[in-house]
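Worksheet for the structure shown next.
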Amino acid sequence: MTEHPPIILGFDSSTAACKVALLRGDDVLMHRVEEMAKGQAERLLTLCSELMKEAGVAPTDLTAIGVGTGPGNFTGIRISVSAARGMALGLGVPALGVSAFDALQYGQKAACSCAVDARRDEVYLQSFDKTGRASDPVLCPAANLPMTTGTLIGHGGAAPAYPTAIAICRVAGELCGIPQPRPAPVYIRPPDAAPARDAPPLILS
């Protein structure tokens, strides 16, 4: 019996955008990025539905859902993680969390450091050795980065090998079949004390 390649839906809203990709095995069926400063909560699932419809893929065809877990915008991260958990529960497929660092590092063949914009003239930074083993992520001044390992990828450095949503799909595809914890936000910096005007979705443990 021929084994069909996995179909992975991946998305991220940890920045001021909704990023969605749909892959069948190594083939990119759909990929879209919509820039938006707000409104991700209303747009994300609709965008996912539009892309699946255009690709002729039904939700029940999905093998797994990959989701960006940050770091990045606190509310945006929680929107994506909540959406992925809800879809996975409804469809009976795994939801697999992929950090922004892992998405940036994916496809790199040598040691590298991955930087994510943390605003306030700061960056989130994580280094990977040539085997892919990662250091602990840190928050540091953008103008005074600690000594980095290999090429700097991401904010202030070279472009990653793959767009964010496609990298999330590929990482999630490699994690399929390996037991994983449920996706959870990666914040690094403590959330701001003041609540957002639009209350983000509640993440249940």
Side-chain angles (χ1 to χ4, degrees), residues 9-21 31-51 65-88 95-106 113-127 134 136-143 145 152-160 162-172 181-205:
L9 174 69
F11 50 80
D12 178 89
S13 59
S14 64
T15 62
C18 283
K19 305 172 183 179
V20 182
H31 175 235
R32 191 168 299 164
V33 177
E34 292 190 0
E35 304 289 342
M36 56 184 69
K38 58 182 179 179
Q40 291 97 329
E42 294 78 18
R43 181 59 179 149
L44 180 61
L45 290 180
T46 301
L47 182 58
C48 290
S49 179
E50 289 174 359
L51 264 63
I65 297 166
V67 59
T69 57
N73 177 274
F74 298 131
T75 301
I77 295 168
R78 293 169 72 176
I79 287 168
S80 280
V81 170
S82 295
R85 285 188 177 188
M87 289 181 67
L96 303 163
V98 180
S99 77
F101 303 117
D102 287 335
L104 287 169
Q105 189 269 344
Y106 188 78
S113 295
C114 298
V116 177
D117 185 10
R119 301 183 181 180
R120 306 177 190 175
D121 296 320
E122 295 178 309
V123 298
Y124 302 113
L125 188 71
Q126 188 173 38
S127 295
D136 291 332
V138 296
L139 176 66
C140 52
L145 296 180
L152 181 66
I153 307 294
H155 186 69
Y162 297 94
T164 299
I166 293 176
I168 288 171
C169 286
R170 293 191 182 280
V171 174
R182 291 199 298 171
V186 176
Y187 291 135
I188 301 179
R189 172 191 284 148
D192 296 329
R197 292 182 181 179
D198 297 324
L202 177 64
I203 300 293
L204 301 176
S205 58

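Computed from a predicted model, the values in this text were never measured in an experiment.
The side-chain contact (heavy atoms from CB on, under 4.5 Å) search around Ala158 returns Thr151, Ile153, not counting sequence neighbours. Tyr106 is linked by a side-chain hydrogen bond (donor to acceptor under 3.5 Å, both in side chains) to Glu174, counting only residues two or more places apart in sequence or in another chain. Taking the side-chain hydrogen bond (donor to acceptor under 3.5 Å, both in side chains) definition, one finds that Ser127 meets it with Ser113, sequence neighbours left out. Looking at residues two or more places apart in sequence or on another chain, you find a salt bridge (Lys or Arg N to Asp or Glu O under 4.0 Å) between Glu34 and Arg43. Applying the side-chain contact (heavy atoms from CB on, under 4.5 Å) criterion to Ala118, with sequence neighbours excluded, gives Glu122, Tyr124, Leu139, Arg189. Evaluation of the side-chain contact (heavy atoms from CB on, under 4.5 Å) rule for Ala84 yields Phe11, Ile65, Val67, Ala95 as partners, not counting sequence neighbours. For Gln126, the side-chain contact (heavy atoms from CB on, under 4.5 Å) partners are Phe101, Phe128, Ala134, Ser135, Pro137, not counting sequence neighbours.
Residues Met36 and Cys18 have side chains in contact (heavy-atom distance under 4.5 Å, counting atoms from C-beta outward). Using a 4.5 Å cut-off on side-chain heavy atoms (C-beta onward), Pro163 and Val33 make no contact. Between Cys140 and Val123, some side-chain heavy-atom pair lies under the 4.5 Å cut-off. Contact check for Leu44 versus Val20: side-chain heavy atoms found under the 4.5 Å cut-off. Within the 4.5 Å cutoff, no side-chain heavy atoms of Thr15 are placed close to those of Val116. Ile77 places none of its side-chain heavy atoms less than 4.5 Å from the side chain of Val186.
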Query - Stepwise side chain to side chain contact (heavy atoms under 4.5 Å, CB included) test for Leu125 and Leu152 - result: CA-CA 9 Å; Leu125 188 71; Leu152 181 66; 4.0 Å; yes

**Report entry** Audit row: Gln40, Thr75, side chain to side chain contact (heavy atoms under 4.5 Å, CB included) steps and yes/no
**Finding:** CA-CA 9 Å; Gln40 291 97 329; Thr75 301; over 6 Å; no

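To the nearest 0.5 Å, atoms CD1 (Ile168) and OG (Ser80) are separated by 7.5 Å. Note: Thr69 OG1 to Asp12 CG = 8.5 Å, rounded to the nearest 0.5 Å.
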